[in-house]
Amino acid sequence: MTERRQGAVKQITSHSNPIVKEIKGLVSQRKHRSQSGLFVAEGLKLATDALDAGWTVRYLALGPEARDNPVAQKAAATAKARGALILEVSTAVLGAMTRKDNPQMVVGVYEQQLLSADQITVPGSTVWVALDRVRDPGNLGTIIRTVDAVGGAGVILVGECTDPFAVETVRATMGSLFHVPLAKLSKDAFKGLAEKWPGTVAATHLKGSVDYRTPDYRDPVLLVMGNEQKGLEEDLVPACQTLIRIPQVGEADSLNLAVATGVALYEIRRKHLEL
Ligand code: SAM
């Protein structure tokens, strides 16, 4: 039987406390997040999502408002029982941790979770989204949230991507980060995966000749999306069976990446979704 560590409660009043400095570093520096394998998520909803989904919490910082909030107290009790350190802090200390004037009443520090290539499972009726060098944290967070909404299996980050554990990305996921598996693959590892993929591998492309509403998408679908500025890397095109395009009228060159992902996902998942 695994022995679980019992957490503790600590009061912090000083902005220069080492834990406050550590959390500040996690908020502002990707290097710090990668080295420690930790990240910060702000807000009670995200804390509840993380705990419900079984993510490991290292610290849960509670501001004064959280002390009379039953949901926050329940989250703190669960986190403490699972070994987290509960920090009771002032609003000013919460603001210093998150570099915000109006911080949320709860700030959590969690262990990152990423799947390795061999953990990308392809159960029958599902869709994975692969993002080629996604740069914008808001786009990535919105895509993770949309994959969650359509019941997708997960998101694969291909090549040099923005950090999925950056505060802006986590915020844009609205909690879906804790429910959508993520994997990071090199371009070559992705090509290997796409070549062996048992269902349809469809890439959205501005030069695609196939209307995205016409293919008979075979589950599991792998939907591949290009970079915001450069589109899909040429080298990845041969790994995709079909290049689909979303029709446009008007003067816009293209759709925003997250919007294009949402439009394509809802078509791919049409027969699986109902009110
Ligand atoms: N300048 C880039 C290009 O030439 O591809 C624009 C990239 S667009 C902002 C980002 C990604 O969104 C594209 O690589 C593609 O995956 C998807 N996308 C945007 N609009 C699309 C459309 N109308 N049809 C298919 N894919 C689209």
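Bear in mind that the values here come from a model prediction, so they are computed numbers and not experimental data. When a ligand or atom number is given, it counts from 1 through the structure's own listing order.
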> Kindly compute the distance separating CD (Glu228) from CG (Leu257), expressed to the nearest 0.5 Å.
5.0 Å
> Can an N or O of Ala260 be found at a distance shorter than 3.5 Å from an N or O of ligand 1?
no
> Check Ser254 against Leu206 and note the closest heavy-atom contact, atom names and distance.
CB-CD1, 3.7 Å
> Among Leu255, Thr261, Asn256, which residue places a heavy atom closest to atom 19 (C) of ligand 1?
Leu255
> Considering only non-hydrogen protein atoms, determine which one is nearest to atom 11 (C) of ligand 1 and report residue, atom name and distance to 0.1 Å.
Gly226 O, 3.7 Å
> Could you check atom 7 (C) of ligand 1 against the protein and tell me its nearest heavy-atom contact, residue, atom and distance included?
Glu228 O, 3.3 Å
> Any N/O of Ser254 closer than 3.5 Å to an N/O of ligand 1?
no
> Pick whichever of Asn139, Val259, Ile246, Leu257 has a heavy atom sitting closest to atom 24 (N) of ligand 1.
Ile246
> At a 4.0 Å threshold, what atoms of ligand 1 neighbour a non-hydrogen atom of Ile244?
25 (C)
> Between the side chains of Asp132 and Lys230, is the shortest nitrogen-to-carboxylate-oxygen separation below 4.0 Å, so that they form an ion pair?
no
> Closest approach of Gly175 and Asp49, non-hydrogen atoms and distance?
CA-OD2, 3.4 Å
> Salt bridge check, Glu267 against Arg270: does any charged N sit closer than 4.0 Å to a carboxylate O?
yes
> Please list, in number order, the atoms of ligand 1 under 4.0 Å from a heavy atom of Arg245.
24 (N), 25 (C)
> For atom 23 (N) of ligand 1, which protein heavy atom lies nearest, and how many Å away is it?
Gln248 OE1, 2.7 Å
> Run the side-chain hydrogen bond (donor to acceptor under 3.5 Å, both in side chains) test on Asp118 and Ser116 for me, step by step, so that the C-alpha distance in whole Å, both residues' side-chain angles and the decisive distance to 0.1 Å come before the verdict.
CA-CA 6 Å; Asp118 56 2; Ser116 58; 2.6 Å; yes
> Give a yes/no verdict on whether any heavy atom in Asp253 is under 4.0 Å from an atom of ligand 1.
no
> To the nearest 0.1 Å, how far is atom 15 (C) of ligand 1 from its closest protein heavy atom, and which atom is that?
Thr204 OG1, 3.4 Å
> Would you mind telling me if ligand 1 is within reach of the side chain of Asn227, the backbone, both or neither, using heavy atoms under 4.0 Å?
backbone
> Starting from atom 3 (C) of ligand 1, locate the nearest protein heavy atom and write down its residue, its atom name and how far away it is, to 0.1 Å.
Leu206 CD1, 3.5 Å
> Between Phe39 and Trp55, how do the two ring planes meet: parallel, tilted or perpendicular, split at 30° and 60°?
perpendicular
> With heavy atoms of Met225 as the reference, note each atom of ligand 1 found under 4.0 Å away.
16 (O), 17 (C)
> Does Asp188 come within less than 4.0 Å of Lys191, counting only side-chain N to carboxylate O?
yes
> What protein heavy atom lies closest to atom 5 (O) of ligand 1? Include the residue and the distance to one decimal.
Gly231 CA, 3.2 Å
> With a 4.5 Å limit on heavy-atom distance, are the side chains of Val158 and Arg133 in contact?
no
> How far apart are the C-alpha atoms of Thr169 and Asp163, what are their side-chain angles, what is the distance that settles it, and do they pass the side-chain contact (heavy atoms from CB on, under 4.5 Å) test?
CA-CA 7 Å; Thr169 316; Asp163 184 4; 5.7 Å; no
> Heavy-atom pairs closer than 4.0 Å: do any link ligand 1 to the side chain of Asp132, the backbone, both, or neither?
neither
> Any idea which protein heavy atom is nearest atom 2 (C) of ligand 1, and the distance to it?
Gln229 O, 3.3 Å
> Please report the closest heavy-atom contact between Val180 and Gly154, naming both atoms and the distance.
CG1-CA, 3.8 Å
